[in-house]
Amino acid sequence: MCKTHVLSVPSAKATFEKTTIERRELRPDDVLIDIKFSGICHSDIHSAFDEWGGGIFPMVPGHEIAGIVAAVGTEVSKFAVGDRVGVGCFVDSCGECEYCLKGEEQYCTKGFVATYNSLDYDGNPTYGGYSQKIVVTERFVVRIPDSLELNVASPLLCAGITTYSPLKHWNAGSGKKVAIVGVGGLGHLAIQYAHAMGAEVTVLSRSIGKKEEALSFGADHYFATSDPATFKTLASQFDLILNTVSANLDVDAYLSLLRIDGTLVNVGAPAEPDKYQVFSLIMGRRSIAGSLVGGIRETQEMLDFSAEHGIAPKIEVIRADQVDEAYQRVLRSDVRYRFVIDVSTL
């Protein structure tokens, strides 16, 4: 067994403690990773606060992991000691169902094993990236291109793939008008991806305050949703709207911005149910959809695309002893746009 220092929470909403855990011995297809950086995702906070229920404590959050390969099992063929690698939101799946065989492990019919706050197929709890080391099956490790700094690559393992995947699936690209709702940890990456894919990109945000930054990320247009005129001006304009915020929206108002056959895709997850009138769909043959990250193959594709197009999150690197403060700042929306833990400070 491999002992490693971690940051863990002993119970819901407790402060973080520095402690140790044991990672499993290397299996033939395992990769041991020295973690260098671990991003903070809003879902880490939901989980550590047990807001979604079913929390497994003590909990070591973190599913935006970037590091260096320290050792490999005897049957590992894709990676070698010294490689720059990442681990995202899940660390196992059945590998046999139709979705796993298509490279969409996030929809595994057996249920994927999450990187943390989950039970593996042997019934053992999983512990995430707020840790110095992690052992992961080779199949769930991705290669980080040399042109991406590890600290910048870290948030791409969740925030990046969460926005890249639906934009690709719903064919954002040349000739398409795409709106991005929100300029936050997800939204500022979605703008960059939609722009790089060739779409005409409009940002919809509550206020005008982030306009210059949104334009610098590649937006062509920017509108404040607090201005009622926005919804009249943009009526029936968009082929695709990607909603990246976790607050409840006036769904009917946003549906009115879609063209015929347009789709409103949700990647933000509000705590309360949304409401809408079905006629908002019927009258324009419109759709409401959702998207859950992406598979391993697509995650590698996203990293390569990011490197090719110079796409990177805007980050603030913090020490391990600043995580509790960072959680509170995320809740106050006091971050532009992703916190990343320097694991060397753990």
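Everything numeric in this text was worked out from a predicted model, so none of it was measured.
For Ser131 (side chain) and Val6 (main-chain N/O), no donor-acceptor pair under 3.5 Å exists by modelled atom type. Under a 3.5 Å cut-off, the side chain of Thr115 and the backbone N or O of Gly88 do form a donor-acceptor pair. Of the possible donor and acceptor atoms, one in the side chain of Ser165 sits under 3.5 Å from a partner among the backbone N and O of Val293. Formation of a donor-acceptor pair under 3.5 Å by the Glu301 side chain with backbone atoms of Arg297 is not found in this model. In this structure, Thr263 contributes its side chain and Ser287 its backbone to no donor-acceptor pair below 3.5 Å. With hydrogens and angles disregarded, a donor-acceptor distance shorter than 3.5 Å links the side chain of Gln106 to the backbone of Gly295. The closest donor-acceptor contact from the side chain of Arg84 to the backbone of Ile144 lies under 3.5 Å. Judged by distance alone, with hydrogens and angles left aside, the side-chain atoms of Glu105 form a donor-acceptor pair with the main-chain N or O of Ile296 at under 3.5 Å. A donor-acceptor contact shorter than 3.5 Å links the side chain of Thr126 to the backbone of Ser118. Not one N or O on the side chain of Arg338 forms a donor-acceptor pair closer than 3.5 Å with the backbone of Pro313.
Leu189 and Leu215 are not part of a single hydrophobic cluster, where members link through side-chain heavy atoms under 4.5 Å apart. By the criterion of side-chain heavy atoms lying less than 4.5 angstrom apart, applied directly or through intervening Ile, Leu, Val, Met, Phe, Trp or Tyr residues, Ile68 is grouped together with Val141 in one hydrophobic cluster. Clustering ILVMFWY residues whenever any of their side-chain heavy atoms sit less than 4.5 angstrom apart, transitively, puts Tyr254 in a cluster other than the one holding Val267. The cluster map of Ile, Leu, Val, Met, Phe, Trp and Tyr, joined by side-chain heavy atoms under 4.5 Å apart, puts Ile191 and Val181 in different clusters. Hydrophobic clustering of Ile, Leu, Val, Met, Phe, Trp and Tyr side chains at less than 4.5 Å, counting indirect connections, keeps Ile56 apart from Trp52.
Using a 4.5 Å heavy-atom cutoff, the side chains of Ile134 and Arg23 are in contact. Considering only heavy atoms from C-beta on, Cys97 stays 4.5 Å or farther from Tyr107 through its side chain. The shortest side-chain heavy-atom distance between Leu346 and Lys18 falls under the 4.5 Å cut-off. Between Asp92 and Arg139, the closest side-chain pair of non-hydrogen atoms falls below 4.5 Å. The closest side-chain heavy-atom distance from Glu213 to Val183 is not below 4.5 Å. When side chains are defined from C-beta on, Glu149 does not count as touching Phe37, because their heavy atoms never get closer than 4.5 Å. Using a 4.5 Å heavy-atom cutoff, the side chains of Tyr193 and Met302 are in contact. The closest side-chain heavy-atom distance from Pro61 to Ser47 is not below 4.5 Å.
Taking the centre and axis of the six-membered ring of Tyr121, the NZ or CZ atom of Lys110 falls inside the cone set by 45° and 6.0 Å.
Residues Ala307 and Leu148 share a closest heavy-atom pair of CB-CG, 4.1 Å. Between Asp304 and Pro145, the shortest heavy-atom contact is OD1-CG, 3.6 Å. A pairwise comparison of heavy atoms in Thr163 and Leu186 identifies CG2-O, 3.4 Å as the closest pair. Closest heavy-atom contact between Ala312 and Val152: CB-CG1, 3.3 Å. Scanning both residues, Asp50 and Gly55, for their nearest heavy atoms gives OD1-N, 2.9 Å. Taking all atoms of both residues into account, the shortest heavy-atom contact from Asn151 to Val340 is O-CG2, 3.7 Å.
Judged as a salt bridge (charged side-chain N to carboxylate O under 4.0 Å, His left out), and not counting sequence neighbours, Glu138 has no contacts. Residues passing the side chain to side chain contact (heavy atoms under 4.5 Å, CB included) test with Ala247, sequence neighbours excluded: none.
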- Could you walk me through whether Tyr222 and Ile208 pass the side-chain contact (heavy atoms from CB on, under 4.5 Å) test, one step at a time? CA-CA 8 Å; Tyr222 185 103; Ile208 208 71; 3.8 Å; yes
- Message: Would Arg27 and Asp122 count as a salt bridge (Lys or Arg N to Asp or Glu O under 4.0 Å) here? Give the steps.
- Response: CA-CA 14 Å; Arg27 299 169 181 167; Asp122 295 323; 3.5 Å; yes
- Show your reasoning for whether salt bridge (Lys or Arg N to Asp or Glu O under 4.0 Å) applies to Asp34 and Lys133. CA-CA 5 Å; Asp34 285 335; Lys133 298 178 184 296; 2.6 Å; yes
- Task: Decide side-chain contact (heavy atoms from CB on, under 4.5 Å) for Val31 and Asp83; before the verdict, give the C-alpha distance in whole Å, the side-chain angles of both, and the deciding distance to 0.1 Å.
- Result: CA-CA 11 Å; Val31 177; Asp83 284 350; over 6 Å; no
- Message: As a quick check of understanding, evaluate side-chain contact (heavy atoms from CB on, under 4.5 Å) for Val343 and Gln132, giving each step before the final call.
- Response: CA-CA 6 Å; Val343 173; Gln132 292 179 326; 4.1 Å; yes
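Ring geometry for His46 versus His42: interplanar angle under 30°, hence parallel rather than tilted (30 to 60°). In this pair, Phe140 and Phe90 present their aromatic rings perpendicular. The plane angle is above 60°, beyond the 30 to 60° band.
For CZ of Phe79, the number of neighbouring non-hydrogen atoms (other residues, nucleotides, ligands) closer than 6.0 Å is greater than 12. Within 6.0 Å of CZ in Arg24 there are more than 12 heavy atoms belonging to other residues, nucleotides or ligands. By the neighbour-count criterion of 12 heavy atoms within 6.0 Å, atom CZ of Phe231 is densely surrounded, having more than that number from other residues, nucleotides or ligands. Annotation: Arg143, atom CZ; neighbour count of heavy atoms from other residues, nucleotides and ligands within 6.0 Å is above 12. The neighbour count for Lys176 NZ, taken as heavy atoms of other residues, nucleotides or ligands under 6.0 Å away, is above 12. Shown here is Glu22, whose CD atom has more than 12 heavy atoms of other residues, nucleotides or ligands within 6.0 Å. Annotation: His221, atom NE2; neighbour count of heavy atoms from other residues, nucleotides and ligands within 6.0 Å is above 12. Heavy atoms of other residues, nucleotides or ligands lying less than 6.0 angstrom from CD of Glu51 number more than 12.
Between Tyr130 and Tyr116, the distance from one ring center to the other does not fall under 6.0 angstrom.
Defined by atom type and a distance below 3.5 Å, a donor-acceptor pair is missing between the side-chain atoms of Asp324 and Gln328. Checking Tyr327 against Asp44 by side-chain atom types alone, no donor-acceptor pair falls below 3.5 Å.
Using a cut-off of 4.0 Å between Lys/Arg side-chain N and Asp/Glu carboxylate O, Asp239 and Lys177 are scored as not salt-bridged.
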